[in-house]
Protein chains: 2
Amino acid sequence: MTQEGPMPQDRLTLVFSALADPTRRDIVARLAVGDATVNQLAAPYDVTVQAVSKQIKVLEDAGLVSRSRDAQRRPVHLEAGVFDLMTKWIERYRQAAEERFTRLDAVLDQLDRPQPGSAEPAAAQREQGAAS
Amino acid sequence: MTQEGPMPQDRLTLVFSALADPTRRDIVARLAVGDATVNQLAAPYDVTVQAVSKQIKVLEDAGLVSRSRDAQRRPVHLEAGVFDLMTKWIERYRQAAEERFTRLDAVLDQLDRPQPGSAEPAAAQREQGAAS
DNA sequence: CGGTTATTCAACCGACAGGTTGAGGAGGAG
DNA sequence: CTCCTCCTCAACCTGTCGGTTGAATAACCG
């Protein structure tokens, strides 16, 4: 409850944390089929409704779902936008890792230059030694 | 080596949990540039080396990184494969959510609801079985 | 109105994650 | 051989997480 400055970094933490729980991922899977109320979402699990309500709160804080109002019910809706945030983050490092893998021999060849931090990022990592 | 993949579900939990921590995501970012030793990875943070060693263990258990051997050092290497697992999971539900969004009017027509959006999305109230 | 349904709030609790210190093992460097 | 470096293991502390029960709020139903 200490959320005043919503940084994108914090949001990623919230999203990944939210999806780290199997039950919450399952809830997301159900919501992909269609909106559902808290009671409906809680039905398949052997936990109390309050527990599921908390889980939904976590998903909501992460921006993965939203809640509207229908009489006493609070239909939960899956939000697509946040997935893009994750995909972007993942793709960045996946591509980097794959690129380094496929270009391994070329990189090793280029590494002989003792010039850190300019055109060859891998060299900077390699030459790092006397850092505080 | 535990090659017995219990379930892709469990692996997803490990991966999401691993990336839920900002420090571990930062470590992944550094490893995208190039392999690094534990000491190098621990340098920027004000925590002990042991703590970072634990973090790397978490990343390793999730399959995000691997460790080789170079004298006393254990260079940490970013593994690209696991990112595909996440991307697949995310894309699945992102597409579902977006599809439901773009088909909203058709759905509303089917539901016989003259009220768009937040009024009464309660038609999803039908008995839903175990999806997916 | 009183009663029921749907959901959340509050306080509490066991388990676990992430940090620390302290010790120990593997492998150069002198 | 001895020392020093790099790293991991073990025990311990602490805050957060996921769950519970109990009560409160909101809106419908008769």
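Computation of the quantities below employed the complete heavy-atom set of this structure, encompassing side-chain atoms and omitting hydrogens, waters and symmetry-equivalent molecules. Chain A is the first sequence line, chain B the second, and so forth, proteins listed ahead of strands; every chain is numbered from 1.
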Which of parallel (below 30°), tilted (30 to 60°) and perpendicular (above 60°) describes Trp89(B) and Phe83(A)?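 Rings of Trp89(B) and Phe83(A): tilted, 30 to 60°.
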Answer yes if the side chains of Thr13(B) and Arg25(A) hold a donor-acceptor pair under 3.5 Å, and no otherwise.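 Short answer, yes.
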Would you kindly compare Gln55(A) and Gln72(A) by the position of their nearest DNA chain D nucleotide and give the one closer to the 5′ end? Gln55(A)
Decide if atom CZ of Arg73(B) counts as having more than 12 heavy atoms of other residues, nucleotides or ligands within a radius under 6.0 Å.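 No, the 6.0 Å shell around CZ holds no more than 12 heavy atoms from other groups.
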Measuring to OP1 and OP2 of [N], would you say a side-chain N or O of [X] lies under 4.0 angstrom away?
X        : N       : result
Thr48(A) : dG19(D) : no
Arg24(B) : dG18(C) : yes
Ser53(A) : dT8(C)  : yes

Tell me the interatomic distance from [X], atom [atom1], to [N], atom [atom2], rounded to whole angstroms.
X        : N       : atom1 : atom2 : answer
Leu14(A) : dT16(D) : CG    : C1'   : 14 Å
Asn39(B) : dT5(D)  : CG    : C1'   : 8 Å
Asp21(A) : dT16(D) : CG    : C1'   : 14 Å
Leu41(A) : dT7(C)  : CG    : C1'   : 12 Å
Ile56(A) : dA6(C)  : CD1   : C1'   : 12 Å
Lys57(A) : dA10(C) : NZ    : C1'   : 14 Å
Gln40(A) : dT7(C)  : CD    : C1'   : 13 Å
Arg73(A) : dC29(D) : CZ    : P     : 9 Å

Is the backbone N or O of Gln55(B) less than 3.5 Å from a side-chain atom of Arg24(B), with the two atoms forming a donor-acceptor pair by type?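 It does not hold such a pair.
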Proximal nucleotide (of [options]) relative to the [X] side chain:
X        : options                   : result
Lys54(A) : dG19(D), dG19(C), dC9(D)  : dG19(D)
Arg67(B) : dT8(C), dG18(D), dC7(D)   : dC7(D)
Val47(A) : dC6(D), dT7(C), dT20(D)   : dT20(D)
Val49(A) : dT8(C), dG22(C), dG19(C)  : dT8(C)
Ala51(B) : dT21(D), dA27(D), dG19(C) : dG19(C)

Donor-acceptor pair under 3.5 Å, Gln50(A) side chain vs dG18(D) base: no
Quick one: are Phe16(B) and Asp21(A) in side-chain contact, heavy atoms under 4.5 Å? no
Could you check whether Ser17(B) gets within reach of a base, just the sugar-phosphate, or nothing at all, counting any heavy atom under 4.0 Å? nothing
